[in-house]
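Chain naming here is simple, since letters A, B, ... match the order of the sequence lines and numbering starts at 1 in each.
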There are 2 protein chains.
Amino acid sequence: MSRPTIYDVARESGVSIKTVSRVINDAPNVRPATLARVRTAIDLLGYQPDPAAQRLGGGRLPTVGVVVDSIADPFFAQLAAVVESRAAAVGMDVLIASTGLDEERLRSQVERLSRRGVAGFVVAPFGDPAAVAAALPSDVPVVVVDRPCGTVGTDAVRVTDEAGAYEAVRHLVDHGHRRIGFVGRTGQFVTLADRYRGYERALREAGLEVDPTLVETRAWTTEEALPLMAQLLTRPDAPSALLAATPMTGLAVLTAQQRLNRRDVALVVFGDLPGAELMTPPTTVVDQQPTALAETAFDLLQRRLREPSAEPLDTVLPTRLVPRGSGELRPRGAA
Amino acid sequence: MSRPTIYDVARESGVSIKTVSRVINDAPNVRPATLARVRTAIDLLGYQPDPAAQRLGGGRLPTVGVVVDSIADPFFAQLAAVVESRAAAVGMDVLIASTGLDEERLRSQVERLSRRGVAGFVVAPFGDPAAVAAALPSDVPVVVVDRPCGTVGTDAVRVTDEAGAYEAVRHLVDHGHRRIGFVGRTGQFVTLADRYRGYERALREAGLEVDPTLVETRAWTTEEALPLMAQLLTRPDAPSALLAATPMTGLAVLTAQQRLNRRDVALVVFGDLPGAELMTPPTTVVDQQPTALAETAFDLLQRRLREPSAEPLDTVLPTRLVPRGSGELRPRGAA
DNA sequence: CGAGGCGTTGACAGCGCTGTCATGCCGCCC
DNA sequence: GGGCGGCATGACAGCGCTGTCAACGCCTCG
């Protein structure tokens, strides 16, 4: 009739429920013969433990919480998709929670999921490092992705932000650019600050000065960035190339160019864009490898779930410059 | 120390746990004075019920399950984002599960979430209607989105697929096209079959014959579609316009065109594309309004959660043709 | 040969909540 | 005034599982 419970399995295999519980949880000290018998009964009845009961009886749910700005963002959607698929493979569920850009909401969402009993988190945090550290739970494993925010003591996966941006700007310099702008809000995100540092270093090493008027750090959403971009691009001393620090700002730059009907400004975007290959010219990007990031994050989470006291790992994945056209444009009037 | 339980609230407010339970669940028959007292205690202690315990004690979790092909798909990502935000507003969580294009997996994912105790589903099903009907749970409210698959007895939200496709093809005809192709796998998806019907009707009404060699129904992913598209576009009697039945196939068409370095084929894509405005020419689409779809789906779910025996509603949302350029291209050699 | 130890198993008490049913109380009716 | 019905509340038994601890071998060692 109804779903079988642990009692049914126990009766079927002639042991106590506790032994069944041991088998379910891969606990040691079960005689192989008993183990086999219980396993058979489980298969026979199609038994599956009730997660709610497991949790109530002291444990956590076989669930991982994914906390990101917005899963409508292609980068995070990709991340969530990979985590979901990996989780499903090991019988875990995925709870998603989006925070927008609200630090308080980051905190409340994490707390909500934690109370909900998730076994672990994959979080892309932002904002003040101290606030982030306070928001993250101490009793549940957390893997911080993409934006380590100076968190310590937790596993983290991120990309070589500084180096990626450096490489991108270097690429632009190599293509003859001298006036290179930077777009992207750096305040709330440690990651973006790193990218900015890479930008700065590349300029410095090329013997170029940083012109603060070419650095636009107020933009986050496309809507915010649009007017700022339009303004930047129509200046008499407009930059001949731009580094967009995020896909969103990249889109803003592209849209602004489109509106102004211009295609002469070289552009490298940090983070891949859906349809980037189809743009005119195709957009050169610094690939963040969201898939690899997500895989690594999930691996780290699993590892910590198994060995809760393992040394925290800060994994740094390389980025990859993907030249597609927009980053190879030469400045106007150049050879 | 630890989180307060219902007992703490009961003690604090001088009532039994049962009364607290009543208050939590908005049950009737609680004297206003008692209600207020309990509410105060709840606020004071910051009490929040433990979902696992609630579920174990007979109920379902305040959770909605979202089951889609892949949340990496921008359309579903958008859908999930909206559902998540609406759910959060009423204190519910969102569990996501992706099915790929595997009918068996649709079934198993739904069952898993159901066992997990979700209170309701938002599902984008596919495949054989009978199989879908069998896969969907009968004891948990389900709202079917985007692809009603002939399901009966459940709430559904969808768009005017036939009419949307009709309008698109009509649009192409009005721009002088006579050889108009259709791309998109129609087999597994009722929705796509509807779109095909709209395509056919528009041709018929325009006095044009359906040329089956211009109809490509084998393509689903971009990878699959690419070679087929390349072949289609390079034929001597190639179509001068295409209707792509899904965003994915739309991307395939665009990519194929790009590879072939062609921009002369008019294109309307069913479903919006990220970055569509930035293409050359910007892509004309039939907007499915994922946000409205998701909002409506969530509303329906909430309604059913409240009134489980309400009459099932089959909501049909209008589509919107968004001319952006690619659909307004005229055939070569036309006036 | 008995004590001690370890590997194996089970009994049982919760976990925090909800459903069922019982209880007490008040107002109403005949 | 006694009886009845309805509202407000509480006592209590689970829900399905896990943690704790005790019990029961059996093997080893002195």
**Asked** Do NZ/NE/NH1/NH2 and the carboxylate oxygens of R116(B) and D50(A) come within less than 4.0 Å?
**Response** no
**Request:** Kindly say if T34(B) contacts the phosphate of dA8(D), meaning a side-chain N or O under 4.0 Å from OP1 or OP2.
**Result:** no
**Item:** Between dG24(C) (P) and R31(B) (CZ): distance, integer Å
**Value:** 17 Å
**Complete:** D50(A) atom CG is separated from dT18(D) atom C1', nearest whole Å, by 13 Å
**Asked** Between R147(B) and D69(B), is there a side-chain N and carboxylate O pair less than 4.0 Å apart?
**Response** yes
**Asked** Which residue lies toward the 5' end of DNA chain D, S16(B) or R55(B), if each is placed at its nearest nucleotide?
**Response** S16(B)
**Item:** Whole-Å gap separating P (dA11(C)) and CZ (R11(A))
**Value:** 14 Å
**Request:** To the nearest Å, give me how far apart CG (D8(B)) and C1' (dC17(C)) are.
**Result:** 13 Å
**Request:** Apply the test side chain to side chain contact (heavy atoms under 4.5 Å, CB included) to residues V123(B) and V145(B): give CA-CA distance (whole Å), side-chain angles for both, the deciding distance (0.1 Å), then the verdict.
**Result:** CA-CA 6 Å; V123(B) 182; V145(B) 288; over 6 Å; no
**Item:** Candidate nucleotides dG16(C), dG16(D), dT9(C), ranked by approach to the side chain of T5(A) - the nearest
**Value:** dG16(D)
**Prompt:** For P49(A), which contact category applies under a 4.0 Å heavy-atom criterion: base, sugar-phosphate, or nothing?
**Reply:** sugar-phosphate
**Fill in**
The nucleotide from dC17(D), dC21(C), dT18(C) with an atom nearest the side chain of R22(B) is dC21(C)
**Fill in**
In whole angstroms, the gap separating P of dC26(D) from CG of N29(A) amounts to 17 Å
**Request:** Take the protein atom CG of N25(A) and the nucleotide atom C1' of dC17(D), then report the distance between them rounded to whole Å.
**Result:** 9 Å
**Phosphate OP1/OP2 of dC17(D) contacted by Y47(A) side-chain N/O (<4.0 Å)** = yes
**Message:** Let's see if you can work this out: which of dT9(C), dG10(D), dG16(C) has an atom nearest to the side-chain heavy atoms of L56(B)?
**Reply:** dG16(C)
**Asked** Could you give the CD1-to-P distance, from I24(B) to dC17(C), as a whole number of Å?
**Response** 6 Å
**Message:** On DNA chain C, does the nearest nucleotide to P32(A) precede the nearest nucleotide to K18(A) from the 5' side, or the other way round? Give the residue.
**Reply:** P32(A)
**Complete:** Taking dC12(C), dA8(D), dT18(C) as options, the one with an atom nearest any side-chain atom of I17(A) is dC12(C)
**Request:** Check the distance between dC17(D)'s C1' and Q48(A)'s CD and give it to me in whole angstrom.
**Result:** 15 Å
**Prompt:** Out of D314(B), D146(B), T315(B), which one pairs with R158(B) under the side chain to side chain donor-acceptor pair (under 3.5 Å) rule?
**Reply:** D314(B)
**Request:** Report yes if at least one side-chain N or O of T19(B) is closer than 4.0 Å to OP1 or OP2 of dA8(D); otherwise report no.
**Result:** no
**Asked** S21(A) side chain N/O closer than 4.0 Å to the phosphate oxygens (OP1, OP2) of dT18(D)?
**Response** yes
**Prompt:** Closest heavy-atom contact between L45(A) and P4(A)?
**Reply:** O-CG, 3.4 Å
